[in-house]
Amino acid sequence: MTIKTSPSILACNFLELEKEMKRAEAAGATMLHCDVMDGVYVPNMSFGFSIIESISTITDLPLDVHMMTVCPQNYLKELKKAGASIVTVHCDIMPEFQLAATLREIKALGMKAAVSVKPKEPAEKVFPFVELCDMILVMTVEPGFGGQKFMADMMPKVRAIRDYCNIHKPEMDIQVDGGIGEGTVAQAAEAGANVFVVGTASFRAPDMKEALDNITKKAADAFVK
Ligand code: DX5
Ligand code: ZN
């Protein structure tokens, strides 16, 4: 499976957004992770469509948009217009039938669809959506803030989801988000994750390229499908 990195722009220097995006490109990032927070679904606020749209005008990297807002289904057309390539929606935000419809709509708009589970939710929560999505995000911190400590106890959940996907959708991308860096990536890759959101450990590393290269190599060496 391809190992992918998705630097979280939450950790970048917003005074130099264009330079920062170019730095991520030059460091070999696969895509850019955009954390949209509304202060309601999570106890923090970040940025919205205008920032995503501005970024899309200065990079060809796919924009991986992690929606931490209530009613994400209301913003899909705006996200498409802003240049999103992947839209991730949390499992606990709406009933199953509505989440299924939301994932279908994301795909109908020509974007990739992903579902996410928070630390307290079990692996089984995502199983009904495997057919409908291109990626599953397992949170390895409580969503809301960058720079938190990686929760190693999420690894059995990553493994359970990878094992399920090996049977039902072997090409599934499994993403982990929160506390990923050179010291934690191998555990997540061994559990079956192949897409790594990296905030603090990428933009705030002394050398972003070296950090992403090391993370990618450690993940490739440890990955177990
Ligand atoms: C947390 C966000 C993350 C965050 C990761 O709610 O979803 O994407 O930016 O940051 P680090 O890698 O610093 O934990
Ligand atoms: Zn995120």
Side-chain angles (χ1 to χ4, degrees), residues 3-14 17 20-21 23-24 27 29-48 51-52 55 61-70 72 75 79 84-93 111-121 126 133-155 157-158 173-189 193-206 208 211-212 214-216 218-219:
I3 302 294
K4 302 175 185 176
T5 55
S6 193
S8 171
I9 70 167
L10 206 58
C12 85
N13 176 1
F14 278 85
L17 200 48
E20 288 288 77
M21 297 308 102
R23 200 157 69 89
T30 317
M31 50 200 188
L32 294 169
H33 187 81
C34 305
D35 287 303
V36 179
M37 305 181 187
D38 66 354
V40 179
Y41 181 68
V42 288
N44 194 10
M45 293 188 195
S46 59
F47 51 80
I51 296 280
I52 296 171
I55 292 171
L61 288 180
L63 302 184
D64 160 34
V65 180
H66 179 188
M67 290 298 280
M68 286 167 277
T69 72
V70 294
Y75 308 112
L79 287 171
S85 294
I86 305 177
V87 177
T88 301
V89 178
H90 275 264
C91 263
D92 64 341
I93 196 71
M111 299 180 286
K112 288 188 171 178
V115 284
S116 177
V117 270
K118 292 201 285 199
K120 289 192 184 74
E121 297 176 285
V126 301
C133 68
D134 304 283
M135 184 171 82
I136 293 169
L137 164 57
V138 178
M139 290 304 302
T140 44
V141 296
E142 283 297 340
F145 300 90
Q148 301 182 77
K149 191 173 174 287
F150 174 74
M151 297 168 74
D153 52 339
M154 295 299 116
M155 296 306 98
K157 179 158 61 180
V158 175
D173 276 330
I174 299 182
Q175 183 178 56
V176 280
D177 182 6
I180 301 293
E182 291 182 41
T184 53
V185 69
Q187 295 171 65
N194 70 305
V195 185
F196 303 92
V197 176
V198 193
T200 311
S202 64
F203 282 107
R204 303 205 182 162
M208 188 168 179
L212 287 188
N214 288 341
I215 285 168
T216 304
K218 286 191 167 149

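As the structure lists them, so they are numbered: ligands from 1, and atoms in each ligand from 1. The first residue in the sequence is number 1, and the count goes up from there.
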Using a strict 4.0 Å cut-off to heavy atoms of [X], name the atoms of ligand 1 that fall inside it.
X: Val197; answer: 8 (O)
X: Pro143; answer: 6 (O)
X: Asp35; answer: 2 (C), 3 (C), 4 (C), 7 (O), 8 (O), 9 (O)
X: His66; answer: 7 (O)
X: Leu10; answer: 9 (O)
X: Gly178; answer: 14 (O)
X: His33; answer: 8 (O)
X: Met68; answer: 6 (O), 7 (O)

Ignoring hydrogens and angles, tell me if any N or O in the side chain of [X] forms a donor-acceptor pair with the backbone of [Y] under 3.5 Å.
X: Thr140; Y: Gly178; result: yes
X: Asp177; Y: Met139; result: no
X: Thr30; Y: Thr5; result: yes
X: Gln148; Y: Glu142; result: yes
X: Asp64; Y: Ile86; result: no

Give the name of the N/O/S atom in [X] that lies closest to the Zn ion (ligand 2).
X: His66; result: ND1
X: Asp35; result: OD1
X: Asp177; result: OD2

Any N/O of [X] closer than 3.5 Å to an N/O of ligand 1?
X: Gly144; answer: yes
X: Thr200; answer: yes
X: Val141; answer: no
X: Gly179; answer: yes
X: Met139; answer: no

Would you mind checking which non-hydrogen protein atom is closest to [atom], with the distance to 0.1 Å?
atom: atom 3 (C) of ligand 1; answer: Asp177 OD1, 2.9 Å
atom: atom 11 (P) of ligand 1; answer: Gly147 N, 3.7 Å
atom: atom 1 (C) of ligand 1; answer: Phe145 O, 3.4 Å
atom: atom 9 (O) of ligand 1; answer: Ser8 OG, 2.8 Å
atom: atom 12 (O) of ligand 1; answer: Gly199 N, 2.8 Å
atom: atom 10 (O) of ligand 1; answer: Gly146 CA, 3.6 Å

With a 4.5 Å limit on heavy-atom distance, are the side chains of [X] and [Y] in contact?
X: Asp173; Y: Asp134; result: no
X: Met37; Y: Phe145; result: no
X: Lys120; Y: Asp92; result: no
X: Leu212; Y: Phe196; result: no
X: Glu20; Y: Phe14; result: no
X: Pro7; Y: Met208; result: yes

Test side chain to side chain donor-acceptor pair (under 3.5 Å), reference His90, set Glu121, His66, Lys118, output is His66
Is it true that Asp35 and Ser46 share a donor-acceptor pair across their side chains at a distance under 3.5 Å? no
